[in-house]
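Quick notes on the structure that follows.
Keep in mind the model is a prediction, meaning the values are calculated, not measured.
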Amino acid sequence: MAAVGVLAGGGASLALAGAGNAATTAGSHPAAVAPKAAGAGLADPHKKEIAMELVSSAENSSLDWKAQYKYIEDIGDGRGYTAGIIGFCSGTGDMLELVQHYTDLKPGNVLATYLPALEDVNGSDSHAGLGSAFVSAWKTAAKDTVFQTAQNDERDRVYFNPSVNQAKTDGLGTLGQFIYYDAIVMHGPGSDPVSFGGIRKTAMKKAKTPAQGGNETTYLNAFLDARKAAMKTEDAHDDTSRVDTEQRVFLTAGNLNLDPPLKWKTYGDSYQILTLP
């Protein structure tokens, strides 16, 4: 586990973003003052990069999410192999869809031969037909920019775009969009009580979304409460630090724009992002 993660990236960093909006001059009456959470949200590539690094800190104990294309192991959570930048799993179908997409982009790739085995193990934690040879092939494929593109595509199609779009529909700003994204990464996009849709439904029983006229902070606290309860139903996810000492820290600070500097902990390790990447 990394002790401290510091934002890495080529080129000069942009200037530090402010933690809040400037106060309106007394007596002035602007026609449309944007709320603190307004803005491009995670559609801003700099904020999307922050989201990728935040997730990587929890999933891979590193802010260098681009180093995770090659990652693959069975973490003992009943989902078979977990791999790649977003934790694609052999037992949940998203790894199968990823390799299918990769094969569409590049027929005859080193993982294509494992498609029948991935179909067979879908829905289980089995390694049948996979094993060490598959692990080796995955790491080889990870050097291929086409496979890297395929991972990015599937991350956005299955997780990032649906969660961010739902957050926008619910009237949430950048932090809320990230909170939804991190939840769907861990819990999946389903509607059962411990999947993203079910967690959102539970939260909405406790508080109104901003789109319904509710307070954004109140609603996000309700969502994090619901997510934490869902995490505690699984032994593999019962460490809730990515909620308690990461997302809740940003929310308590009122940082609805997810502006740097950001300092947080996940699973006991400390990280920071000091400027926009």
Side-chain angles (χ1 to χ4, degrees), residues 37 41-43 47-48 50-52 54-59 65 75 77-80 82-98 122-123 151-212 214 216-244 246-248 250-251 256 258 266:
L42 293 187
K47 293 297 177 72
K48 183 175 181 179
I50 285 176
M52 297 304 110
L54 288 169
V55 169
S56 186
S57 74
E59 295 286 326
W65 66 270
I75 62 174
D77 63 354
R79 294 174 172 87
T82 296
I85 59 171
I86 209 66
F88 301 100
C89 295
S90 60
T92 62
D94 57 354
M95 182 181 285
L96 170 61
E97 291 179 354
L98 167 61
N122 189 18
Q151 289 197 38
N152 294 344
D153 290 347
E154 287 299 287
R155 173 201 63 203
D156 289 351
R157 182 184 71 85
V158 180
Y159 300 104
F160 186 80
N161 293 343
S163 60
V164 171
N165 288 338
Q166 183 63 67
K168 289 180 177 178
T169 298
D170 289 345
L172 301 176
T174 310
L175 176 60
Q177 292 167 32
F178 168 69
I179 286 173
Y180 271 24
Y181 173 58
D182 191 72
I184 205 171
V185 165
M186 174 178 281
H187 302 278
S191 58
D192 61 274
V194 295
S195 292
F196 170 74
I199 293 169
R200 176 175 171 269
K201 185 176 180 180
T202 299
M204 291 173 70
K205 291 178 181 177
K206 300 291 185 181
K208 291 182 178 180
T209 67
Q212 296 172 321
E216 183 167 15
T217 299
T218 300
Y219 171 72
L220 288 175
N221 271 312
F223 185 89
L224 292 178
D225 289 344
R227 181 180 176 192
K228 187 172 177 178
M231 291 173 72
K232 286 185 171 295
T233 66
E234 277 193 89
D235 288 343
H237 293 149
D238 63 359
D239 183 325
T240 59
S241 61
R242 66 199 290 167
V243 169
D244 301 328
E246 181 192 309
Q247 296 170 43
R248 192 90 72 177
F250 305 150
L251 184 59
L256 297 177
L258 203 59
T266 55

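Side chains of Val158 and Glu97 form a contact here, defined as non-hydrogen atoms less than 4.5 Å apart. Using a 4.5 Å heavy-atom cutoff, the side chains of Arg248 and Asn221 are in contact. Between Met186 and Ile199, the closest side-chain pair of non-hydrogen atoms is not below 4.5 Å. Counting heavy atoms from C-beta on, the side chains of Ile179 and Phe250 never come closer than 4.5 Å. Looking only at side-chain heavy atoms (C-beta outward), Thr174 and Ile50 stay at 4.5 Å or farther from each other. At a threshold of 4.5 Å between non-hydrogen side-chain atoms, the residues Lys47 and Phe178 do not count as touching.
With hydrogens and angles ignored, the 3.5 Å screen pairs no side-chain donor or acceptor of His187 with any backbone N or O of Phe196. The main-chain N or O of Gly93 is found under 3.5 Å from a side-chain atom of Asn122 such that the two form a donor-acceptor pair. Side-chain atoms of Gln177 do not come within 3.5 Å of backbone N or O of Lys168 as any donor-acceptor pair. Of the possible polar contacts, none joining the Glu59 side chain to the Gly87 backbone as a donor-acceptor pair under 3.5 Å is found. Put simply, the side chain of Thr240 never gets that close to the backbone of Lys228: no donor and acceptor are under 3.5 Å apart. The closest donor-acceptor contact from the side chain of Ser56 to the backbone of Met52 lies at 3.5 Å or more, if one exists at all. A donor-acceptor pair under 3.5 Å links the side-chain atoms of Thr202 to the main chain of Gly198, judged by distance alone.
Closest approach of Ala207 to Ala222, counting heavy atoms only: CB-CB, 4.0 Å. Taking each heavy atom of Gly171 and Pro210 in turn, the nearest pair found is O-CB, 3.5 Å. When every heavy atom of Glu216 is checked against every heavy atom of Gly173, the shortest pair comes out as OE2-N, 2.8 Å. When every heavy atom of Ser195 is checked against every heavy atom of Asp192, the shortest pair comes out as OG-OD1, 2.6 Å. Annotation for Ala203 and Ala226: closest pair N-CB, 4.2 Å, computed over non-hydrogen atoms. Contact between Leu42 and Lys48 at its shortest, heavy atoms only, is O-CB, 3.5 Å.
Between atom OG1 of residue Thr233 and atom CG of residue Asp238 there is a gap of 9.5 Å, rounded to the nearest 0.5 Å. Arg227 contributes atom CZ, which lies 11.0 Å from atom CD1 of Ile184 (distance to the nearest 0.5 angstrom). Distance check: Asp94 CG to Arg155 CZ gives 13.5 Å after rounding to the nearest 0.5 Å. The line from CD of Gln212 to OH of Tyr219 is 8.0 Å long, rounded to the nearest 0.5 Å. Atom CG of Asp170 sits about 5.0 Å away from atom OG1 of Thr209, to the nearest 0.5 Å. Rounded to the nearest 0.5 angstrom, Leu98 CG and Ile86 CD1 are separated by 11.5 Å.
Annotation: Asp235, atom CG; neighbour count of heavy atoms from other residues, nucleotides and ligands within 6.0 Å does not exceed 12.
The aromatic rings of Tyr180 and Phe223 lie tilted to each other, with the angle between the two planes from 30° to 60°.
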| query | After noting the C-alpha distance and the side-chain angles of Asp182 and Arg242, does the key distance pass the salt bridge (Lys or Arg N to Asp or Glu O under 4.0 Å) rule? | reply | CA-CA 9 Å; Asp182 191 72; Arg242 66 199 290 167; 2.8 Å; yes
| field | Worked verdict on Val55 versus Tyr181 for side-chain contact (heavy atoms from CB on, under 4.5 Å) | value | CA-CA 9 Å; Val55 169; Tyr181 173 58; 3.6 Å; yes
| query | Where do Lys206 and Asp225 land on the side-chain contact (heavy atoms from CB on, under 4.5 Å) test, with the steps shown first? | reply | CA-CA 10 Å; Lys206 300 291 185 181; Asp225 289 344; over 6 Å; no
